[in-house]
Amino acid sequence: MRAIALGADHAGFPLKEHLKAWLIEQGYEVVDCGTQSSESVDYPDYAAAVAGAVMAGKADRGVLVCGTGLGMAIAANKVPGIRAAACTDAYIARLSREHNDANVLALGARITAREAAVEILATWLATEFAGGRHALRVEKLAALDRAKERSDVPAR
Ligand code: RB5
């Protein structure tokens, strides 16, 4: 796993740049999906770009940064196959990998300091999916994606 798609809106742009430099320093290939300045933009556009890069196999995983991480996670999770987790500490980042096999990490630049964001990202990248009982649950997530594509998401 060497290629990471990276995206941010204006609120996340400075942190994205910081994480980009860190990823490159660690030897990762970065697919930078923007934005490239602090000029106001709409987070769903960048969530879609990163989610698309992951689903197209242009990146192994994705990292998104907005003000809270929430808008990016909500948007990315609308793309079938994406399991985006908004993480505020290394513990939840580890569990998002072990239990949920999260393939996109969402971070909030307005709530997470740079050093903490790097710690969260490093933990998230280093943690493998635990499989076992979690594999069936992740398969059920994929089944929800398939149902959504057939437009018959169950009511309960
Ligand atoms: C932008 O002001 C802000 O709404 C956005 O970065 C993000 O926090 C949305 O969830």
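Side chains are part of it too, since the values below use all heavy atoms of this structure and drop only hydrogens, waters and symmetry mates. This structure is a prediction, so every number in the text was calculated from the model and none was measured. As the structure lists them, so they are numbered: ligands from 1, and atoms in each ligand from 1.
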Query - T35 backbone acceptor or donor facing K16 side chain under 3.5 Å - result: yes
Report task. Inspect the contact between R146 and E139 and indicate whether a charged nitrogen and a carboxylate oxygen are less than 4.0 angstrom apart. Result -> yes
Query raised in the report: Can you find a pair of side-chain heavy atoms, one from F13 and one from V41, that are under 4.5 Å apart?
Result: no
Query raised in the report: Does NZ or CZ of R61 fall inside the cone over W124's six-membered ring, less than 6.0 Å from its centre and within 45° of the axis?
Result: yes
Requested in this report: With rounding to the nearest 0.5 Å, note down the distance linking CG in L19 to CD in Q26.
Outcome: 11.5 Å
Query raised in the report: Name the residues with a heavy atom less than 4.0 Å from ligand 1?
Result: D9, H10, A11, Y43, C66, G67, T68, G71, R110
Query raised in the report: Does a side-chain N-to-carboxylate-O contact under 4.0 Å join R83 and D101?
Result: yes
